[in-house]
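This report refers to the structure that appears directly beneath it.
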Amino acid sequence: MTVVTRFAPSPTGFLHIGGARTALFNYLFARRMGGRYLLRIEDTDRARSTEEAVDAILDGLNWLGLSGDEPPVFQHAGMQRHAEVARELLAKGRAYHCYCSAEELQEMRAKARAEGKTALYDGRWRDRDPSEAPAGVDPVVRLKTPLEGETVIDDLVQGQVTVQNDRIDDFILLRADGTPTYMHSVVVDDHDMGITHVIRGDDHLNNAFRQVQLFKAMDWPVPAFAHIPLIHGQDGAKLSKRHGALGVDAYRDMGYLADALCNYLLRLGWGHGDEEVIDRARAISLFDLEGVGRSPSRFDMAKLDNLNGHYLRETPDADIVDLVFERLEERSDVTLDTQSRERITRGLSGVKARAKTLIDLANGAGFYAATRPLPMNDKAAALLGDDARALMRALLLDLDSLDDWTEDALEALVRQLAEAQGVKLGAVAQPLRAALTGSNASPGIFEVMAILGREEARARIEDIC
RNA sequence: GACCCCUUCGUCUAGUGGCCUAGGACAACGGCCUCUCACGCCGUAAACACGGGUUCGAGUCCCGUAGGGGUCGCCA
């Protein structure tokens with residue numbers, strides 16, 4: 001049997017971090033099993049679904065490298081089919097019309113809650129003769145679920161979970177306007193799409209019991225379920241928009257790499273021994289549902305930062321330099337021309353070690369393209385006292401007699417100057433750093449000098465003298 | 001409230017009855033390296049929620065308690 005998984009987001013907002021992880025797990029499991037990974041947009045609620053949200057979700061998935069193996073299925077396109085299945089159920093006597101009003105339902109709910117029951121609908125139209133139907137009321141279609149016994153799910157993550165059938169009420173398949181509900185569409189589509197493994201957030205665990213009833217009513221094979229725990233915010237509360245349940249595009253904007261984010265998400269709730277850095281290929285070869293934990297985990301930015309820094313350093317400069325240019329283009333204090341782009345390209349590896357995100361990278365490399373005279377940060381300005389400026393003037397003189405403008409030669413020259421002046425290397429290097437970068441922290445100053453070139457380096461030093 | 005799920009260092013986790021005086025990673029702290037900041041390296045501190053069982057032996061199995069989470073729509 002070929003494994004078929006699906007990621008089925010509802011297009012009512014962006015692709016959030018939890019959804020991204022669900023998609024990842026579906027993708028990884030399908031790949032690992034040599035199966036297919038599909039996408040389905042759950043837009044049965046036309047009023048709440050937007051095209052922008054669909055684009056944002058598809059965009060996010062694409063960025064993460066989690067596009068489906070086939071074009072996405074739009075659930076609303078199957079409405080006729082869904083209604084047809086409901087009619088079939090009606091014909092077989094497995095479903096029935098219910099004419100309850102909103103008020104009646106309201107009362108039932110209040111009553112059930114007062115009695116401490118979970119099943120809300122009391123089944124009052126279950127065996128009632130259709131002739132009793134009130135005139136002018138469009139009925140909904142409800143599934144006849146078993147009144148006794150229990151439903152068992154052997155969840156691949158949660159283990160065996162059992163629920164008494166009297167806790168499951170006769171849920172709605174078709175709304176009064178004839179459109180299918182999510183609960184109904186999911187089952188029909190999962191069946192029609194040949195889904196073998198339903199991997200989703202455990203907020204759907206309770207739904208699974210109802211859905212199983214529907215599969216059974218249609219005599220369809222029930223897919224395997226794997227309900228993965230939700231991701232929580234730093235404070236342990238459910239991840240909400242206030243706590244970092246941002247769209248994945250927000251993480252892209254914050255300068256995270258898709259590979260790093262996927263690696264982080266993978267390790268959130270899944271582990272393989274002591275391995276921390278796991279790339280896509282390795283993840284595919286290792287991923288299994290047994291390794292997924294059953295407890296919710298908290299989203300930890302610090303660890304994401306660390307991992308992103310790691311991926312930044314591992315990624316070839318050529319693959320990220322354009323991303324750095326992109327971010328620098330938005331800045332008014334830098335001049336991005338052929339020359340400065342080349343400097344940044346050469347200096348990138350030196351800046352990388354100091355960055356966690358692409359933002360850090362752009363900020364750290366910005367000085368290579370800075371427009372003179374350089375703005376100084378406070379600490380840099382403090383480095384440029386009278387003594388320091390005198391040293392810089394002396395350095396300027398020595399520099400003019402240097403033929404070989406290379407990192408090694410420059411270092412030798414500066415060391416010599418420091419010795420001749422009876423000061424420590426830092427006494428020269430720090431003011432020099434301030435002059436050349438406008439900052440008190442930067443890549444090695446001789447590397448910076450070499451990359452800047454004689455003319456630009458000289459000019460920057462003169463600017464502060 | 002009812003039902004379902006969960007509970008190992010601050011965080012992510014390893015651990016599937018003896019290999020656990022509980023391992024790794026991030027974060028924290030200290031040190032080394034050093035022209036700064038990083039990177040890297042070395043080291044320190046830090047956890048089996050609690051209480052009962054079962055067993056020769058329990059982080060690992062069972063029960064209870066506490067805490068946390070999820071669900072309870074003609075939303076998905």
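Rounded to an integer number of Å, the gap from CD of A:E103 to C1' of B:rG73 is 15 Å. Regarding A:F209, its CZ atom lies at a distance of 19 Å from the P atom of B:rA2, rounded to whole Å. Atom-to-atom, CG of A:D203 to C1' of B:rG70 comes out at 7 Å; the value is rounded to the nearest Å. Spacing between atom CG of A:L173 and atom P of B:rA76 amounts to 12 Å, rounded to whole angstrom units. Taking atom CG of residue A:N206 and atom P of nucleotide B:rC3, one finds them 12 Å apart after rounding to whole Å. At whole-Å resolution of the value, NE2 in A:H204 and C1' in B:rA76 are 7 Å apart. If you measure from atom CZ of A:R142 to atom P of B:rG73, you get 10 Å, rounded to the nearest angstrom. Rounding to whole angstrom units, CG of residue A:N308 and C1' of B:rC26 are separated by 14 Å.
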Classify every nucleotide of nucleotides 33-44 of chain B by which part a protein heavy atom approaches to under 4.0 Å, writing B for the base, S for the sugar-phosphate alone and - for neither, in 5'-to-3' order.
-> --BBBBSS----
Reading nucleotides 5-16 of chain B 5' to 3', which nucleotides get B (base under 4.0 Å from a protein heavy atom), which S (sugar-phosphate only), which -?
-> SSS---SBSS--
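Under the 3.5 Å distance criterion, with hydrogens and angles disregarded, no donor-acceptor pair is assigned to the side chains of A:T22 and A:R200. Side-chain contact, A:S185 with A:E42: no donor N or O sits under 3.5 Å from an acceptor N or O. Using modelled atom types, one finds no donor on one side chain facing an acceptor on the other under 3.5 Å when comparing A:D408 with A:T406. There is a side-chain donor-acceptor pair under 3.5 Å between A:Y96 and A:D170. Side-chain polar atoms of A:N440 and A:N377 form a donor-acceptor pair below 3.5 angstrom.
No salt bridge links A:E447 with A:R346; every basic N to acidic carboxylate O contact stays at or beyond 4.0 Å. In this structure, A:K111 does not pair ionically with A:D122, as no charged nitrogen and carboxylate oxygen lie closer than 4.0 Å.
Remark: A:R142 is positioned above the aromatic ring of A:Y121, its terminal NZ or CZ atom under 6.0 angstrom from the ring centre and at most 45 degrees off the axis.
When the C1' atom is used for both B:rC63 and B:rA47, the distance is 24 Å, rounded to whole Å. Taking the C1' atom of each, B:rC20 and B:rG59 are spaced 9 Å apart, rounded to whole Å.
Between A:R109 and the phosphate of B:rC74, there is a side-chain N or O to OP1/OP2 separation shorter than 4.0 Å. The side chain of A:T44 contributes an N or O atom lying less than 4.0 Å from OP1 or OP2 of B:rA76.
As judged by a 4.0 angstrom heavy-atom cut-off over every strand, A:D305 is placed among residues making no nucleic acid contact.
A:R343 pairs by the side-chain hydrogen bond (donor to acceptor under 3.5 Å, both in side chains) definition with nothing, not counting sequence neighbours.
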